[in-house]
Each structure stands twice: as C-alpha cells, then as structure tokens.
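Structure record follows, encoded as structure tokens.
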Amino acid sequence: MRRLVLAVAAGVAAELAGIGLMTTAVWLIMRAAEQPPLSALTVAIVAVRALAVARGGMRYAERLAGHSAVLRHLAEVRGRVYDSLLRRPLNGGDALTRLVSDVDCMQDALLRCLLPGVVALVVGAIALAATGFAWPLLVGLLVTVCVIPWTAYALAVRHLRALAPLRSALAERTVVLLDGAAELTAFGALERELAATGHVVDSLAERERRGGSGTAVLAAVAVVVQFGVALAFLRSGAPAHVVLGSVAVLEVTVPLASAAQRWAEVHGSVRRVREVLATAQETAPPEADLPVGRVGVVGASGAGKSTFLRELAAAHPGIAKGVLDDAHVFHATVEANVRFARPEASQEDLDRVAALVDLDVPWDTVVGENGDALSGGQRQRLLLARALLADPEVLLLDEPVEGLTIAHGDAVLERVLDQATRTVVLVTHRLAPLVDFDRILVFEDGRITQQGTHADLIGTPGYYRDRWSTERMAGRSSHDTSTVAGSHSPSNGTNCVNSDDSTGTPHRRSTVPVI
Amino acid sequence: MRHVDRRYVVVLAVLAVVTAVVVVGQAEVLASVLSGGRSAWWLVAVVLARGVVVWGGRVVTQRFASSMKASLRKQVLRGSCGASGASGASGSSARAGSVATLVVKGLDAVEPYFAGYLPQLVVAAVVPVAVVVRLSFADLTSAVVVLVTLPLVPVFAALVGMHTRDRTRAQWAGLAVVGGHFLDVVRGLGTLKVFGRAAAQAATVRAMAGAHAASTMRTLRVAFLSALVLELVATLSVALVAVPVGLRLLHGGVTLHVALLVLLLAPEAYLPLRAAGAQFHASAEGLAVLEAAAAQGSSPRGSLDLILPDGTDKPTPSSTACGQLADRPVASVIGTRAPDLRRAEIVVDRVVVRYPGRDALGGMSLRITPGERVALVGPSGVGKSTLLAVLMGFVTPASGRVLVGGVDLREVERGSWLRQLAWVPQRPTLFPGTVGENIALGSGGDVRGAASAMGLGHLVDAEHALSSGERQRVALARALVRDDARMLLLDEPTSRLDSGTEEVVLRATRQLSSGRTALVVAHRPVMLGEVDRVVTFT
C-alpha cells in the first residue's frame, strides 16, 4: 500500500512536471516577446531545465514503484489464493489455469487501470485548483475523466458480451472440425464444414469491426474536447500558457478511455479472485470405508473408478496414498518429485524404490513442465516410485503401468504388489493381474454393479466376463503363436501377423493368402 | 512488414502523411492564433480535421486488423485440419485444444500489432521528418537541435538494449521458471494433499512469489532504462529548443510566431517514437503469434496425413481441402480413377507406418478379394485402426504400398476412391447441427430411412447431446446412407455398449457387409461370426 502511494505520488509528480514544462516554456516565450530584462526570465529558464529532467526521472520512479507495489501485492495474493485452495479445492485443470491467469490479470487491473486513474484524478484536481476552477477545464475534465471512460467501459462490456457466444461457437467448431477432420474427409464433407466455420469467423470479424467503430468515435471526441477546452480558454481571453497548459492536462486524462476498456476486460478476473479468497469454509471430506486386502477395480472409462480412488484418498488423509489418475509431476528434479512423499527418506530408500520400478532416469534430471521431458512410461514409473517411498497403509494405484509395454508393465506391477504387504487398491483395464486378488469391484455408470473374486466374476455374465474373453482373444496369439484363432473363422483359415522381438514390431510369418 | 498486404502499407503511409499535415497544421494555426495572427475559427477547423483523421485512422486500421485476423483464422483452420487427419494417432484432442486456443484467443494478439503498432511505426517514420522539414524553414537552429537529438532515441534504446540484452534474457528465462511455479504447485495441490505435504508448501509458495517479485524488479530496473532515456531525450530537447529560442526572441532574433511554432512542433517530433516504443510489447507478441499461425497454417507434417486431390466435381484448385498440393508430384494430383471395388482386389504389400516415437505397422501384408469380409483382431496399439487409415489415405506408408486392382493407391484419384468406402470409426465425431445433418454429412441419400433403421428415427431433427450408444448408431447410419459404397471399414468400439446398441451394431454390420467387401476391427467374439476370415495382429 505504501509503495502504491509512492507510485501515485511519483506519477503525479511526473505528470505535473510535464504540464509545468509546457506551461513554463510557453510563459517564457510569451514573456520574452515582451523583451523584458534577462533577469526576468532566469527563474523560468532554470525551471524549464529542471522540469525537463524531473519529468523523465519521476516517470522512471513511478514505473518502478508501481511495478514493485503490484508485484509484491500479487505475491501476497498468490499466497492467500493457495491458502484458500487448500481449504476448498477447485476441481479441473482448466479452472486452475484460469484462476492463475486471473491472478496475473490483477497486475493489469492495478497497473493499467487503478494507477493511471488515480494519477489522472489527482492531477486533474490540482490543475483545476491552479486555474481557480475555470469552467472550460472543469467541463473538459468531466468529459475525459467521467463521460468518455464510462461510455468506453459500457461499450466494451456490451461488445465483449456480444463477442462471447461467437467466440465459444468458434472454439467449439474448431475442436470438432479438428477431431472430425478424418471423418469429414472420408465422407467428402470437409469443404462444407470449413465453409460453415468460416461463416462463424466472418460474423465474429463483423462484430469486431462494429465494436471498433464506437471506440474510434470516442477517440475523435476526446481529441476535439481536448482542443475545444483550449479554444474555450482562448475565447475567454486566458493567457497562452493556460491555453496550452490545459491541453497538457487533458493529455493525462484522455488515456483513461483505454484504461476503462481494459477494466471491462479484467474486472471479471478481479471478481473471481476475490470470490476464491472469500470462501472461508472448508469442504467436508467425503466418506468412504477403507477396504482391506487386495482389491481390484475395473470398469469402462468414465464409470467412476478414478473418482472412487480419489474419494478414498480424500476420506483417509495420511492413510491412503498412491498413484491417482490426476497425479501431478512437478517441474523439478526427479529426486524432488519422489522424495517429497517422505522427505526424511535416505538415499538407499530412494535407490531401492527406483530399482523396484525400473526408474532409470538420473536423480538430478529436471522433468519439465508436468513431466513433459519424460516419456509416458518414465513418468508412470516416477509416480510409482513416489507411492512406494511413501509406503502407506493403503496403497492406491490407478492404472499404474499405463504407458509401459504389456510385458514390462506386468513385471513391474508384480514386483510392486510383492513389495506392498498391506492393503492395495488397484484400478486396471487389464484383468490378468487381478486373478488372485481378494475382491474385485466392477464399476458401471458411477456405481458398483458386481463384485467378487476373479473366479466368481468369470462365472457370471456381464462386463467382467466380456472383458476377460476380449483380453484372451487379443492376447491369445502372443501366448501361443502356432495355433490360430480358427475356431471363430468359418472359412479360409487365418493369416497371422506375428512378432518375435520384444519391441512389438509386427511382421508377417504365416503363409495363407499372402503375397 | 513482410506479413503485410502492400495495399495496407500504402493506406498506412497515406494516413501517416495526413496525420503529419494535421499535426504541422495544428501547430501552425495554434502559433499564429496565440501570436494574434489568425482568427480562432482556423483552430476550430484544424481541431475538427484532427478529430476526423483520428476517427478515420482508427476505423481503417481496425477494419484491416479484423479482416486480417479473420483470414488468419481461416488459414489456420484449413491448415491444421489437414494435420489432424491421422486417425488413430493419439493426443489429437489435446492438439485440437491448442489449435482452438490459437484460433480464438491467440490470434487476438495480431490486432494490437496491425491496428496499433504498425500504424504507429509508419507515423513514427513520417511525422518527425515532416516536423524537421517545417522547422528548418522556420528556424534552422532548432531544426538542427531536433535533427541531432532525434536519432539519440533509437540509438540510446539500442545501446541500453544491447548492454542489457543478455541480462534481461537471463532474467526472463528465470522468470518463466518462477512464474510457472505457482501454476505448477496449484495444479499439484491434489497430489501434495494425498501425500500430506500441502500445508508445508504454503510457505514455499509465498517465498517463491516474493522471489519472483524481487527478480522481476531487478529485470525491470534495467528494462525501464531505455524508456527513461527516451523520455529524457524528448523533454530535454524541448528545454534545449525552448530556452535558446526564448533568448533569441528576447533579442529580437526571431518572431513570436516562429518561437511558438518551434515550441509546439519540437515535442511532436518525439511523440510518435515514444508511442511506437510503448507498443513494442504488442509488436513482439503479435509477431510471435503470426509465426505460430504460419506454422499451423502450413503444417509441416500435415501434408502427409490428409491430401485431397481435386475431385471431378470440384475442378478449381481453391476447392482442394486441407494440405498443400505443392508437396506432391503432379501426376498423383490428377490421379487415375479408382478401380471399381466390386471387381478390384486390394493388396497391402509390406506396409510400414511410423508415428513419431513408435511404429504402428511394421511390414504388414494382406490380400482382400472383392466381396470378402475380413476381421482384424489383436491387442490395442498394434495398428488395426492404422491399417484402415492407410486404406483411406489418411496415413502415407513410410515404405511398402497398397494396390487397388493393380494400381498404387497413391496414384488413385482420392475423391473417387473415398466415395466407394463407408467408414464407421471407433469414436465418431458429432458436428454442430441436427442428427439428420450429421447422418447425411452432405450426401443426398435416404437419411430418414437410415436413421429409422438404426433406431434414431425420432431424433432426426434433434440437436441435443447424444449418448455414446446413440453416437455409434449415428456413425452406422452415416455408412448406411451411402448405399453406393463398395467397401465397409468398421472400427468396432472397444468400450462396452448397452445391449440395445450392441444388437444394432451387429445387425447393421450384417446389413452393411452383405454384398460388399468388409474390413472389421473386432473386439468382441460375437463379431467374428459375421466374417469370412480372421487376421490376428500381435
């Protein structure tokens, strides 16, 4: 706050120096034309030189003080946002990204809206007092400080509101167009769909042009008002330095129109950050019974498996830990990413878990944003190492070997399960590891529709049995390459594309109808 | 400026010249009015003229920026929908998201560039010259002062920039890391909580944010120096001009009119430079986005995924869909008409397909005789869907070839080839519009009949969101509508369908594959009862 006041003071001083420079210089010349003795001008000459230096220096001070105030304020806001997110988490990566960019937008709200606004108001008030509340300046200030910014704000709000549906329509169409480009091409409909999207682009451009013309009129009005005030002073017989001084004063207030426009763009961000900071009450943790033994969780994607695991973790903090589907890899070293699960762990502990999961990335590798510098398999093994290091009472594993080859994944998972002696809850799309589990939960549409052991479930019609037969069908030839899936093919036999190396590169082996 | 239409540069130059005339004219009139020369009505006229120029300039630049943005948006859309054609390639929806961000939000940055920075740049090139020329006629000494100090602005800015460039760059690189930290920690809050480390991180967040502020300030202290130099040169030059002119006026060396003119004109020489400097950030951002758009618009990888040669019903080159014709030999663009699949055999000959980072098909061979129904089975990721993509021409094999009736698929005219295929993708996309429009996709077949056959008859005119089962039925209906298709390419969904849809898929497969060649990617044993032959991938 103190820094902000400092910034405003420096800003006011810079603007006053600028106005003073113009006024004094004009006075100097008008006075010199009367050819007085040189001594009558010395003060003005010194003042002109001093003000010229002061303006630049003060402007520099204003910029530094303003940025310093705002950056420190934002640091505090970030801390408070984190605290309130801790109390009340925000779901969804998009919401978080938006919140973080909202916090960044507050910088603009303060630096480009609040600061110039306050400086302009103070400068205007001082100028008004200096001219003895002359009516032309009063009118000019009212128009450039109130009327034009308010109109610009109202226009911008209306403009943004009109653009919003078009912009979201364009975003939606773009995503669908890209996702469905292959289908559109295959069905010969790509040109038609591109033209339809082009139509949305055109109406968006038309809207933008219309919004721009209002701003153009306001800018022209501001210029006319600025010199209109000078003209009014001139007509009322004011001296030249007042006439041109008024132009310099309004030079400070005219940019408020764009500050108001900017405010229309960012005030939503400011409001959202305030809302997040205002939410004080904690959300109650969900209730979920702790499972015992080895529990498998299966089901189609979106059936509620990952939600089930997240709720277990939230309901039993400190007890249930592990690899969740939204597990985050921090932009730090591999070691920092694993160690934070148990900061007091020794180097031996770290090396032991790394060996268990075949984590072959050096400890001091920086993993990149969200682990982008790692391959999918390395990222997954890092997450597993972290979970094993924590050694929780209940180990939660959500598709822990996704991104590894099937054989490697099975091997790693087997070692992890051997190591974990306590309760394990495993979400998997591959059913093979579940054969000797104590209990398997089948999720469909957000609830458990079947449960039992592997033997129970393959004896009952339903999701699990279907998946099991599909998995066996797909995997059969890898277990037994000499026999073919002939039982299903009524004629012709089968030709087989096999692999005899571990990289899974298929190439032809059998000879039925081939070239 | 190479991004810019030459006409726009001409328009901007005209605007700048008009601005220069108005600026000089206004100073002229103000000086003579204040020195008692002319009537104030001249001032009214010149102020109104300035208002009109400001208005006109804004309207023209805004219009140009809007249409430039619209055409860039279309260009990016056209260019990038070519690159996303590789069906079965993973991560395409993330790419769709980033392209949508570029198209909708990112390209907004070109507006301040075209409507703000560029016009200001042209003004900065024209107005100071006009001012110096006018000054040299009025008072040569002042003109020389302005002429000497004016280059100091860019020279000092460059000097400060050069001196601080490395430091600033290092600072910005550091900033990017620190600035990203908050987002990183906030995103990882859930993970921190699971491991009980969230509260401990709160202090780190504050410390990092504080360090961020401190290091940003170190950068800004340097970065603002060039602005300080600019400011100082401009104001000091006014002092340098005003004081000597005042002194000469005192001794009768110049007239009041000239003295006032010099005082009013001198700052106008520096003003456009300052304004252009203030917009430097907009220029950097705008150029970065223009480069990103250019990269998307001519997607380097895209040409291999989706190249549409001209169809017989689309004779003009402009109607060619995504991708660049220039990348392909002319012969393949003209292409031979696709052989009739009722008689032509399809031969897949040692086809290799590589996606970045993995092999999808390694030397696959297969022969499909007309009317044969073939099932493809195997674990996910071995290239079953990729084979379909190769057959449709979305993916060009790295080596090997596909022959249709003895003709290489690459030499076949693609429109006539695609018209013979009916594709049912694993995850069909629904486009904006009614269910009926989604089934038709531009074709004129019996949409209602196909919809009714798939149990969607009541939804033909509906626009609401569909369940995954209904989506699957839409995809089947799309294939049904094209009853002149000779070959069915069906990618069975891996996810479990409700029993009703399962039944419909089976019935439709039977209907669609009767009397046609069919290639079915099967995930359920029951599908294998519908085909003549099973090919197993491993």
Side-chain angles (χ1 to χ4, degrees), chain A residues 25 28-29 32-33 48-49 52 55-56 60 63 71-72 75 78-79 82 96 100 171 174-175 178-182 186-187 189-190 192 198 201 205 208-209 212 216 219-220 223-224 227 240 300 313 318 328 331 341 474 477-478 485 488-489 491-492 494 496-499 505-508 513, chain B residues 34 47 51 54-55 58-59 62 66 70 73-74 81 84-85 87 96 100 103-104 182-184 186 188 191 194-196 205-206 209-210 213 217 220 224 228 231-232 235-236 239 242-243 246 249-250 256 259 321 362-363 365 367 379 394 423 429 441-442 495-496 528 532-534 536-538:
Chain A
L28 171 72
I29 281 173
V48 163
R49 287 174 180 155
R55 184 184 149 83
Y60 184 67
R63 286 212 174 111
L71 286 172
R72 270 162 232 277
R78 287 202 174 97
Y82 183 84
L96 282 176
V100 170
T174 305
V175 169
L178 261 68
D179 282 347
F187 288 92
L190 187 60
R192 211 174 51 97
V201 170
E208 285 168 349
R209 277 195 281 272
V223 168
V224 171
F227 288 94
H328 186 75
H331 188 359
S477 46
S478 63
H488 293 297
S489 55
S491 65
N492 280 16
T494 302
C496 215
V497 191
N498 282 334
S499 123
T505 315
H507 61 91
R508 288 219 12 74
Chain B
L34 285 174
V47 165
V54 166
W55 173 80
R58 290 264 189 136
V59 168
Q62 168 71 42
S66 294
R73 278 180 168 149
K74 289 181 191 171
C81 70
S84 69
S87 82
V103 166
V104 180
F182 182 57
L183 182 58
D184 193 32
V186 167
T191 303
V194 167
F195 289 96
V205 166
R206 284 197 163 77
M217 283 316 295
L220 290 181
F224 287 162
L228 171 68
E231 201 92 35
L232 276 180
T235 49
L236 277 177
V243 173
L249 187 61
L250 194 63
L256 176 61
S365 291
R367 182 190 296 268
F394 292 139
W423 177 37
T429 312
L441 276 186
S495 59
R496 182 183 148 87
L528 305 183
D532 305 322
R533 181 154 66 96
V534 177
T536 309
F537 286 59
T538 55

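Please read these numbers as outputs of a predicted model, since none were measured by experiment. Below, chain A is the first sequence line, B the second, and so on; all start at residue 1.
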Quiz item: Taking side chain as C-beta onward, heavy atoms only, is B:Arg206 less than 4.5 Å from A:Arg78?
Solution: no
Show the nearest heavy-atom pair for residues [X] and [Y], with the distance to one decimal.
X	Y	result
B:Phe195	A:Ala341	CD2-CB, 3.6 Å
B:Trp55	A:Ala220	CB-CB, 3.7 Å
A:Ala205	B:Ala70	CB-CB, 3.8 Å
A:Gly198	B:Lys74	O-CE, 3.6 Å
B:Asp184	A:His331	OD2-N, 2.7 Å
A:Val224	B:Gly51	CG2-CA, 4.1 Å

Exercise. Mark yes or no for whether B:Thr235, through its side chain, and A:Ala52, through its backbone, hold a donor-acceptor pair below 3.5 Å.
Key: yes
Quiz item: Just by modelled atom types, is the A:His328 backbone N or O under 3.5 Å from a matching donor or acceptor in the B:Thr191 side chain?
Solution: yes
So what's closer than 4.5 Å to chain B heavy atoms on [X]: side chain, backbone, both or neither?
X	answer
A:Leu28	side chain
A:Ala33	both
A:Arg192	side chain

Practice problem: Sequence neighbours left out, what passes side-chain contact (heavy atoms from CB on, under 4.5 Å) with B:Leu228? Give chain and number order. | Solution: A:Tyr60, B:Leu225, B:Leu232
Exercise. Using a cut-off of under 4.5 Å on heavy-atom pairs, state which of A:Val223, A:Ile29, A:Val48 scores highest against chain B.
Key: A:Ile29
Practice problem: Could you tell me which of A:Ala240, A:Gly56, A:Gly318 has the largest number of non-hydrogen atom pairs under 4.5 Å with chain B? | Solution: A:Gly56
Practice problem: Nearest 0.5 Å please: distance from the CZ atom of A:Arg209 over to the CD atom of B:Gln62. | Solution: 9.0 Å
Quiz prompt | Spacing of OG1 belonging to B:Thr429 relative to CG belonging to A:Leu178, to within rounding of 0.5 Å | solution = 10.5 Å
Practice problem: Could you list the residues that satisfy ring pair (Phe, Tyr, Trp, His ring centres under 6.0 Å) with A:Tyr82, not counting sequence neighbours? | Solution: none
Quiz item: In terms of heavy-atom proximity below 4.5 Å to chain A, should B:Val205 be classed as side chain, backbone, both, or neither?
Solution: side chain
Quiz item: Using a cut-off of under 4.5 Å for heavy-atom pairs, which of B:Val103, B:Val104, B:Val54 has the most such pairs with chain A?
Solution: B:Val104
